[in-house]
Amino acid sequence: DTGVSQDPRHKITKRGQNVTFRCDPISEHNRLYWYRQTLGQGPEFLTYFQNEAQLEKSRLLSDRFSAERPKGSFSTLEIQRTEQGDSAMYLCASSLGLASGEQFFGPGTRLTVL
Amino acid sequence: SQELEQSPQSLIVQEGKNLTINCTSSKTLYGLYWYKQKYGEGLIFLMMLQKGGEEKSHEKITAKLDEKKQQSSLHITASQPSHAGIYLCGAGRMNYGGSQGNLIFGKGTKLSVKP
């Protein structure tokens, strides 16, 4: 399968714990995006990378959130000291980063904070 | 900031019927994406429109972008149960370098198709 993959698909954690998600984009895509989606809403942008550089972060990305893309391939999103309000679907997408670059999404990681 | 409004919020149709979902932007769209999402899953890319007046079709789904590039519609002909899901429109944000940035999404339209 050459699509975007995410791991884990589901994560249940207790409030205050740290969690880390991984995203593997389509191999030739240089752009990688993270979004968050809550029930009944469309995805909301968190941050994106071009190769290994993190180019933009949304105001939604509090200082408890950190994302990395160390070698310009896979990316990780870490949430420290999780709160119940962090419960959501975390989606990763990748694209070629062109003016007409289509974004392809992974299956998402569903986080539940108890 | 740009906002996208989708209508209707939900739709129940009988199998075989046609339907239309609308997406309206408060600003000119640089790129308009349509995605389909099954509950609890990721987004499946359907189509992208960039030019005013552009129309694209894939199987029984047709998407159009109006000339002013502020409104798009998604039309499904002869709906089937497999069309059920949440349809999301997304607007591309243009970066300073002229490349596509992140997407801003509407809240989605939930489609149910009764057999």
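Chain identifiers are assigned alphabetically (A, B, ...) following the order of the sequence lines, protein sequences preceding nucleic acid strands; residue numbering begins at 1 within each chain.
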Atom group of B:Leu88 that falls short of 4.5 Å from chain A, counting heavy atoms
side chain
Note: vs chain B, highest number of non-hydrogen pairs under 4.5 angstrom among A:Gly42, A:Pro107, A:Gly108, A:Pro43 is A:Pro43
So which part of B:Gln6 gets closer than 4.5 Å to some heavy atom of chain A, the side chain, the backbone, both or neither?
neither
Check this for me: does any side-chain nitrogen of one of B:Glu5 and B:Lys107 sit under 4.0 Å from a carboxylate oxygen of the other?
no
In terms of heavy-atom contacts, does CD of A:Gln80 have more than 12 from other residues, nucleotides or ligands at under 6.0 Å?
yes
So which part of A:Gln6 gets closer than 4.5 Å to some heavy atom of chain B, the side chain, the backbone, both or neither?
neither
State, with a plain yes or no, whether a side-chain heavy atom of A:Tyr90 is found less than 4.5 Å away from one of A:Leu111.
yes
Assess whether a salt bridge exists between A:Asp7 and A:Arg9, defined as any Lys/Arg side-chain N lying under 4.0 Å from an Asp/Glu carboxylate O.
no
